[in-house]
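Have a look at the structure below before the remarks.
We name chains A, B, ... by the order of the sequence lines, and we start the count at 1 in each one.
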Amino acid sequence: MNNRGVANIFQNIADLLEIKGEPIYRVLAYRRASETVRSLGQSVEDVWREGGLEEIPGVGKAISSKIDELLRTGRLEFYEKLTTEVPPSLIDLLRVGDVGPKKAARFWKELGITSLDELEAAAKAGKLRELRGMGKRSEARILESLEALKRRQTDRVLINHAWETAQGLLASLQELPVVVKVEAAGSLRRWRETVGDLDLIAASEDAGPLMDAFLEFPQVIRIIARGETKISVELYDGLRAQLWVHPPSRFGTALQYATGSQAHNVRLRELAKRFGLSLSEHGFKREDDSEITCAEEAEVYQILGLPWIPPELREDRGEVQAAMENRLPQLLTQSDLVGELHVHTDWSDGASTLKEMVEAAQEFGFQYLAITDHSQSLAVARGLDVDRIRQQRMAINEIQRSMGDDIHILHGVEIEILADGRLDYPDEILAELDLVIASLHTALRQPRETITARLLKAIRNPHVDMIGHPTGRLIGIREPADLDMESILEAAAEHQVALGINAFPERLDLSEGHARRAVEMGCLLAVNTDAHHPEHFTFQKYGVGVARRAWVGPGSVVNSWPFDRVYEWLSTRG
DNA sequence: GCCGTTTTCGGCCCGACTGTTTTCAGTCG
């Protein structure tokens with residue numbers, strides 16, 4: 001069982017215990033364990049084998065013995081017993097807005113409801129309003145939430161979708177005279193790979209008129225809730241957005257609060273208590289109720305004796321401790337990336353010509369660019385055979401001559417790792433190329449040993465310089481290949497083969513957990529866009545987000561190196 | 001159920017918003 005499997009079970013346990021009415025801190029313990037296992041950079045099975053389960057934050061005796069049982073037997077008696085006490089289908093009800101554990105439990109016990117369909121039928125039949133503490137309006141809200149749930153296909157959207165929607169809203173808000181400034185917060189500001197809803201935070205003295213204007217935006221289709229400092233709406237695409245409005249003098253604490261994560265905020269508030277302070281979105285309160293307000297976010301951290309912590313690190317993964325000890329990492333920035341090493345053209349499945357891509361790369365500010373079209377076996381992408389790739393070399397030389405020294409063009413390939421582990425070109429062809437990226441595109445469902453061995457073989461080939469998108473996952477569409485990542489990272493570190501962080505929003509592969517582990521193990525990384533069109537260069541920011549969330553600095557990212565150093569690294573290889 | 005620069009037992013953040021309520025519970029972030 002992989003990390004996701006274990007994490008899902010603990011998440012279900014937390015939900016079921018909460019519906020059952022167990023003490024909330026017991027519930028939170030399972031939820032926290034679920035999250036740490038999910039985002040762990042290593043396989044939980046490896047940790048288990050080495051006897052290190054209890055070193056995982058949030059995993060103690062009780063939970064580690066449950067992980068042990070799961071990994072040994074594939075089953076968990078405690079969980080199976082729990083599902084006989086509380087129907088697991090009740091977990092679906094929690095996805096409905098305004099339905100939490102308490103209501104789910106009552107719907108089940110008092111009305112026999114165990115599914116979304118039954119909930120909808122009961123609401124339509126006017127059954128919910130008969131419960132004590134419920135009324136017509138609660139029933140109508142639940143029906144609305146059920147409709148909203150149907151409108152949105154998934155609970156979380158890809159980051160590029162959220163980013164683009166947010167940019168539109170921010171631009172319109174910016175234009176309103178009552179707005180002093182406005183920023184996106186929440187998981188978007190933390191650059192999580194998917195986003196559940198948009199959190200926008202505005203500085204203004206006139207919350208009411210600002211919210212009125214916001215409701216007039218064409219993107220807004222429905223109010224979910226509205227108060228004095230916060231309005232929550234549904235957007236045309238099913239995404240939900242929250243807009244917080246605070247006076248400019250309190251913008252710092254408000255932005256900090258809305259950025260989260262929740263676990264990070266809890267840490268800060270615990271820390272504040274040690275100073276005799278209480279921290280909320282409005283500001284700090286001393287014990288005598290006097291206030292300290294912060295217009296800037298950095299002041300919030302400063303008052304707690306900390307340097308400003310970049311949003312990407314705010315996940316309660318040791319960043320507060322690191323900040324206290326003044327050892328926050330220097331994080332990669334977009335401006336560090338002076339080159340791009342993974343790009344396609346219309347020689348294979350790209351949309352643009354060689355020249356267009358080179359010119360676009362130069363315009364984007366790259367000092368060097370590697371052209372890496374697909375190899376022959378990937379027929380769907382019109383992969384290049386040996387003759388064609390040799391012809392492409394000449395075409396590249398021609399363009400390099402016409403462009404002068406302003407941009408260095410490398411000739412590479414994204415080579416197929418065939419199902420049996422061989423590469424798609426003979427070694428002597430690979431030796432002619434400046435850069436070889438090896439990628440898995442087919443037979444991704446092979447068993448763990450087979451597919452791991454296949455990737456290891458590619459890493460050990462002296463001509464291979466980089467791995468394209470190591471696990472092949474597509475967020476929400478395809479699971480990552482079942483790789484023994486620990487061995488992969490070890491081999492990549494040993495052979496100094498760079499691992500790509502592919503910036504395509506549905507890939508983001510390596511994921512942040514693996515990327516963090518990779519750096520710990522001394523691997524080289526590369527943040528590449530895999531552009532098939534000039535516009536795809538703008539995906540770079542999403543790859544940078546993954547790297548930053550993984551605590552990655554510029555030193556280990558090869559395309560942040562100057563061209564001479566990259567060239568030297570490549571020249572010393574096969 | 002976890003955890004320790006107050007603690008191995010007793011804590012474990014803080015507030016907004018809604019609906020159905022006469023003072024609060026539930027949900028959400």
Side-chain angles (χ1 to χ4, degrees), chain A residues 10 13-14 17-19 21-34 36 53-67 78 93-107 128-142 144-145 185-187 190 195-201 207 211 223-233 240-246 250 253-254 256-285 304-305 316 320-321 324-325:
Chain A
F10 285 125
I13 289 175
L17 288 176
E18 198 175 13
I19 294 170
E22 290 287 312
I24 189 64
Y25 291 112
R26 193 174 177 216
V27 173
L28 292 175
Y30 280 102
R31 209 157 270 157
R32 172 158 157 76
S34 166
T36 48
L53 285 179
E54 289 195 41
E55 279 153 45
I56 300 173
V59 175
K61 268 198 160 35
I63 290 182
S64 74
S65 83
K66 289 188 174 71
I67 297 177
F78 171 78
L93 302 193
L94 303 179
R95 296 174 60 219
V96 181
D98 291 315
V99 178
K102 298 289 193 302
K103 284 183 191 161
R106 293 190 60 204
F107 294 159
L128 302 186
R129 70 181 74 167
E130 292 168 8
L131 298 182
R132 201 166 51 80
M134 296 273 302
K136 271 190 195 168
R137 302 175 78 152
S138 304
E139 191 175 74
R141 276 179 77 86
I142 286 174
E144 274 185 7
S145 298
S187 48
R190 303 199 312 277
V195 173
D197 49 19
L198 297 180
D199 296 298
L200 308 175
I201 162 87
M211 290 180 188
I223 305 183
I224 298 170
R226 175 177 182 167
E228 282 175 27
T229 61
K230 176 184 152 182
I231 182 166
S232 179
V233 301
R240 285 156 307 182
Q242 258 101 231
L243 174 65
W244 278 273
V245 187
H246 286 269
R250 299 178 188 272
T253 39
Q256 194 290 314
Y257 158 77
T259 299
S261 65
Q262 211 164 346
H264 174 85
N265 287 356
V266 167
R267 273 297 163 230
L268 288 197
R269 288 164 178 191
E270 282 171 359
L271 188 57
K273 277 174 76 172
R274 286 194 226 161
F275 291 93
L277 297 169
S278 162
L279 170 61
S280 80
E281 58 264 49
H282 303 289
F284 289 94
K285 249 188 206 158
L304 296 171
D316 189 25
V320 174
Q321 192 65 31
M324 286 168 80
E325 294 163 8

Starting at atom [atom1] of [X], determine the distance to atom [atom2] of [N], rounded to an integer number of angstrom.
X: A/Ile24; N: B/dG11; atom1: CD1; atom2: P; answer: 18 Å
X: A/Leu128; N: B/dG19; atom1: CG; atom2: C1'; answer: 14 Å
X: A/Met324; N: B/dG4; atom1: CE; atom2: P; answer: 13 Å
X: A/Ile56; N: B/dC2; atom1: CD1; atom2: C1'; answer: 14 Å
X: A/Lys136; N: B/dT21; atom1: NZ; atom2: P; answer: 13 Å
X: A/Tyr30; N: B/dG1; atom1: OH; atom2: P; answer: 4 Å
X: A/Lys61; N: B/dC2; atom1: NZ; atom2: C1'; answer: 12 Å
X: A/Glu270; N: B/dC14; atom1: CD; atom2: P; answer: 9 Å

Kindly point out which of [options] is positioned nearest to the side chain of [X]?
X: A/Ile63; options: B/dG1, B/dC17, B/dC14; value: B/dG1
X: A/Lys273; options: B/dG15, B/dC17, B/dC12; value: B/dC12
X: A/Ser138; options: B/dT20, B/dC17, B/dG1; value: B/dT20

**Message:** Restricting to salt bridge (charged side-chain N to carboxylate O under 4.0 Å, His left out), what partner residues turn up for A/Glu325, sequence neighbours left out?
**Reply:**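 Applying salt bridge (charged side-chain N to carboxylate O under 4.0 Å, His left out) to A/Glu325 gives A/Arg327.
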
**Prompt:** Between A/Asn265 and A/Gln256, does a side-chain hydrogen bond (donor to acceptor under 3.5 Å, both in side chains) hold up when you go through it step by step?
**Reply:** CA-CA 8 Å; A/Asn265 287 356; A/Gln256 194 290 314; 3.1 Å; yes

Is any side-chain nitrogen or oxygen of [X] closer than 4.0 Å to OP1 or OP2 of [N]?
X: A/His282; N: B/dA16; answer: yes
X: A/Arg141; N: B/dG19; answer: yes
X: A/Thr229; N: B/dC17; answer: yes

Counting any heavy atom closer than 4.0 Å, what does [X] reach on the DNA or RNA strands: base, sugar-phosphate only, or nothing?
X: A/Arg267; value: nothing
X: A/Ser232; value: nothing
X: A/Arg132; value: nothing
X: A/Leu268; value: nothing

Work out how far the [atom1] atom of [N] is from that of [M], and round it to whole angstrom.
N: B/dG26; M: B/dT21; atom1: C1'; answer: 13 Å
N: B/dC12; M: B/dT6; atom1: C1'; answer: 14 Å
N: B/dC3; M: B/dC13; atom1: P; answer: 15 Å
N: B/dG1; M: B/dT5; atom1: C1'; answer: 23 Å
N: B/dC2; M: B/dT8; atom1: C1'; answer: 12 Å

**Request:** Kindly say whether A/Arg137 contributes a backbone atom to a donor-acceptor pair with the side chain of A/Arg129 at under 3.5 angstrom?
**Result:**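 Absent.
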
**Message:** Would the distance check show the side chain of A/Ser261 and the main-chain N or O of A/His264 forming a donor-acceptor pair, the cut-off being under 3.5 Å?
**Reply:**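 Answer holds: yes.
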
**Request:** Please state whether the rings of A/Trp244 and A/Tyr257 are parallel, tilted or perpendicular, taking 30° and 60° as the class boundaries.
**Result:**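 Ring orientation of A/Trp244 relative to A/Tyr257: perpendicular.
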
Filtered N/O pairs between nucleotides 26-29 of chain B and protein, under 3.5 Å:
from   : atom 1 : to       : atom 2 : distance (Å)
B/dT27 : OP1    : A/Gly100 : N      : 2.7
B/dT27 : OP1    : A/Gly100 : O      : 3.2
B/dT27 : OP1    : A/Lys103 : N      : 2.9
B/dT27 : OP2    : A/Lys102 : N      : 3.2
B/dC28 : OP1    : A/Asp98  : N      : 3.2
B/dG29 : OP1    : A/Asp197 : OD2    : 3.1
B/dG29 : N7     : A/Gln262 : NE2    : 3.2
B/dG29 : N2     : A/Tyr257 : OH     : 3.2
B/dG29 : N3     : A/Tyr257 : OH     : 3.3

**Message:** Pairing check on B/dG10: which nucleotide meets the Watson-Crick or G-U wobble criteria with it, both distances under 3.5 Å?
**Reply:**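 B/dC3 - that is the nucleotide pairing with B/dG10, both distances being under 3.5 Å.
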
**Request:** May I have all residue pairs that pass salt bridge (Lys or Arg N to Asp or Glu O under 4.0 Å) and include part of residues 269-285 of chain A, sequence neighbours excluded?
**Result:**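 Only A/Arg267-A/Glu270 qualify under salt bridge (Lys or Arg N to Asp or Glu O under 4.0 Å).
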
**Prompt:** Stacking between A/Tyr25 and the base of B/dC12 (centre distance under 5.5 Å, interplanar angle under 30°)?
**Reply:**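 Stacking is present between B/dC12 and A/Tyr25, given that their ring centres fall under 5.5 Å apart and the planes under 30°.
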
**Asked** Roughly how far, to the nearest 0.5 Å, is CD1 of A/Ile201 from NZ of A/Lys230?
**Response**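 Separation between the atoms: 11.5 Å.
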
**Item:** Between CD1 on residue A/Ile63 and CD1 on residue A/Ile56, distance to nearest 0.5 Å
**Value:**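 So the gap between those two atoms works out to 10.5 Å.
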
